[in-house]
2 protein chains.
Amino acid sequence: MARTQGSHSDITGPRIQAAALELFARHGYAAVSMRQIAAQVGVQAGALYNYIPDKQTLLFRLMRDHMETLLDTRRMQAGAGDPEARLRDFVRFHIRFHLERPDAVFIAYMELRNLTPENFARIEELRGDYERDLQDILRDGSAAGVFSVPDTKLATLGVIAMLNGVNTWYRSGGRLSLDEVEAVYWSMVRKAVAA
Amino acid sequence: MARTQGSHSDITGPRIQAAALELFARHGYAAVSMRQIAAQVGVQAGALYNYIPDKQTLLFRLMRDHMETLLDTRRMQAGAGDPEARLRDFVRFHIRFHLERPDAVFIAYMELRNLTPENFARIEELRGDYERDLQDILRDGSAAGVFSVPDTKLATLGVIAMLNGVNTWYRSGGRLSLDEVEAVYWSMVRKAVAA
DNA sequence: GTCTATAAGTAGATAGAC
DNA sequence: GTCTATCTACTTATAGAC
């Protein structure tokens with residue numbers, strides 16, 4: 001609010017994204033005003049428009065950046081091995097990645113309905129890329145006879161839904177450590193798809 | 001909008017709830033105005049306040065009614081039997097009940113953050129009652145040696161998260177019938193908790 | 001019970017000074 | 001690049017006529 005004038009382009013842009021991420025996650029996109037975001041950053045509302053054309057684009061960029069980070073990080077970590085090893089890696093990766101950025105995860109699937117149709121389609125395409133990764137593992141495992149799933153597409157969606165649930169209840173410092181949570185979910189997933 | 005004056009108390013109340021349910025599910029609580037709800041009902045905005053004290057109470061009643069219907073319906077249908085039969089009944093009940101009312105389900109967990117703290121606590125209590133039902137089944141099955149879950153609380157949350165995922169993709173008339181979906185998910189759940 | 005009119009405030013976005 | 005000021009439109013909720 002009280003703020004000296006000057007040039008801060010390198011720093012203000014990321015701060016706007018960070019403020020929007022936190023506020024959208026807590027209150028929801030529609031409930032947060034541009035003035036609230038500006039106040040959290042420490043600028044006036046008009047200054048936001050040096051960095052984003054409009055509120056919708058701000059939301060879209062948060063979601064797109066999150067999905068691209070998800071895909072890039074996964075590509076770097078995905079290893080080879082037999083289907084069971086690949087599935088275990090996927091489960092551990094998914095839980096860990098999502099627990100590390102709860103705000104972005106929350107937004108990326110709670111605010112889908114607030115995207116324009118064009119932006120929605122682009123996000124859904126990225127989500128499809130990620131799901132295909134798991135589906136390939138389940139398909140390969142089924143072909144090799146080590147997995148037995150009634151339907152690879154539904155098994156994919158079922159496993160991801162189960163893993164996403166972790167974000168709704170996990171708090172670090174709680175009853176279970178991250179390693180224990182990963183072990184528990186890996187146990188359930190492994191059995192659910194076992195031959 | 002053009003609307004003759006007169007008395008419609010028996011019919012307008014439920015129509016307000018129905019309109020709010022649909023609009024909140026589609027656009028989100030914060031993004032829907034009282035005028036939009038009124039327009040969908042066919043009255044002016046002021047008339048809504050003969051039925052609800054404010055917008056927050058309208059949201060709360062939708063969520064409370066949904067949760068109470070869930071609990072009441074479950075109580076009527078829950079049968080006895082061995083733990084595996086009870087678990088199968090729960091899975092089938094959960095999928096069917098939730099697919100029958102996608103709007104209410106969507107609201108009941110997407111709009112939790114828009115409840116006042118008091119209203120939030122009341123809804124969470126009802127949700128806890130429902131989860132306890134499944135947790136009891138898993139506990140009894142584990143004690144009897146027919147299930148083996150690393151942690152009954154996490155298994156409860158994991159199973160419910162997986163089942164809730166059905167609502168995000170199922171469309172009647174799609175590739176799979178309701179019976180097939182139930183069979184697929186029952187297969188995965190059964191194996192996930194099997195001894 | 002519904003209407004019209006209105007109060008009092010906030011929304012997203014822009015213009016122009018500095 | 002940020003500020004202040006402002007435009008236009010919309011928000012929830014209420015008052016009082018019918």
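Just the heavy atoms: all of them, side chains too, but no hydrogens, waters or symmetry mates, feed the values below. Order of the sequence lines fixes the chain letters, A, B, ..., with proteins taken first and strands second; residue numbering starts at 1 for each chain.
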The side chain of Ala47(B) lies closest to which of these nucleotides: dG1(C), dC3(C), dC3(D)?
->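 The listed nucleotide nearest to Ala47(B)'s side chain is dC3(C).
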**Closest to the Ser33(B) side chain, choosing from dG1(C), dT2(D), dT11(D)** =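 Output: dT11(D).
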Across all chains, not counting sequence neighbours, the side-chain contact (heavy atoms from CB on, under 4.5 Å) partners of Gln17(B) are Arg61(B), Leu62(B), Asp65(B)
**Study point:** Non-neighbouring partners of Ala19(B) that pass side-chain contact (heavy atoms from CB on, under 4.5 Å), sequence neighbours left out
**Key:**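 Applying side-chain contact (heavy atoms from CB on, under 4.5 Å) to Ala19(B) gives Ile37(B), Gln40(B), Val41(B).
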Tyr130(B) and His94(B): side chain donor to acceptor below 3.5 Å = yes
Could you state the atom-to-atom distance from [atom1] of [X] to [atom2] of [N] in whole Å?
X	N	atom1	atom2	value
Tyr29(B)	dT11(D)	OH	P	13 Å
Asn114(A)	dG12(C)	CG	C1'	15 Å
Asn50(A)	dG16(C)	CG	P	16 Å
Leu59(A)	dG12(C)	CG	C1'	15 Å
Ile37(B)	dC10(D)	CD1	P	17 Å

At a cut-off of 3.5 Å, list every protein nitrogen or oxygen paired with a nitrogen or oxygen from nucleotides 13-15 of chain C, distance to 0.1 Å.
{"residue": "dA13(C)", "atom": "OP2", "partner": "Tyr49(A)", "partner atom": "OH", "Å": "3.1"}
{"residue": "dA13(C)", "atom": "OP2", "partner": "Lys55(A)", "partner atom": "N", "Å": "3.0"}
{"residue": "dA13(C)", "atom": "N6", "partner": "Arg35(A)", "partner atom": "NH2", "Å": "3.3"}

request  = Ignoring backbone atoms, test whether Gln44(A) places a side-chain nitrogen or oxygen under 4.0 Å from the OP1 or OP2 oxygen of dT4(D).
outcome  = yes
query: Can a side chain N or O of Thr12(A) be found less than 4.0 Å away from OP1 or OP2 on dG1(D)?
result: no
Distance-only criterion, 3.5 Å: show the donor-acceptor pairs between side-chain atoms of residues 140-149 of chain A and protein atoms not counting sequence neighbours.
{"residue": "Asp140(A)", "atom": "OD2", "partner": "Arg86(A)", "partner atom": "NH1", "Å": "3.1"}
{"residue": "Asp140(A)", "atom": "OD2", "partner": "Arg86(A)", "partner atom": "NH2", "Å": "3.4"}
{"residue": "Ser142(A)", "atom": "OG", "partner": "Leu138(A)", "partner atom": "O", "Å": "2.8"}

query: Taking only residues two or more places apart in sequence, or in another chain, which ones meet Phe60(A) in a ring pair (Phe, Tyr, Trp, His ring centres under 6.0 Å)?
result: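 Per chain and number, Phe60(A) pairs via ring pair (Phe, Tyr, Trp, His ring centres under 6.0 Å) with no residue.
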So side chain to side chain donor-acceptor pair (under 3.5 Å) across residues 103-115 of chain B, not counting sequence neighbours, yields Tyr109(A)-Tyr109(B), Glu111(A)-Arg113(B), Arg113(A)-Glu111(B), Glu111(B)-Asn114(B)
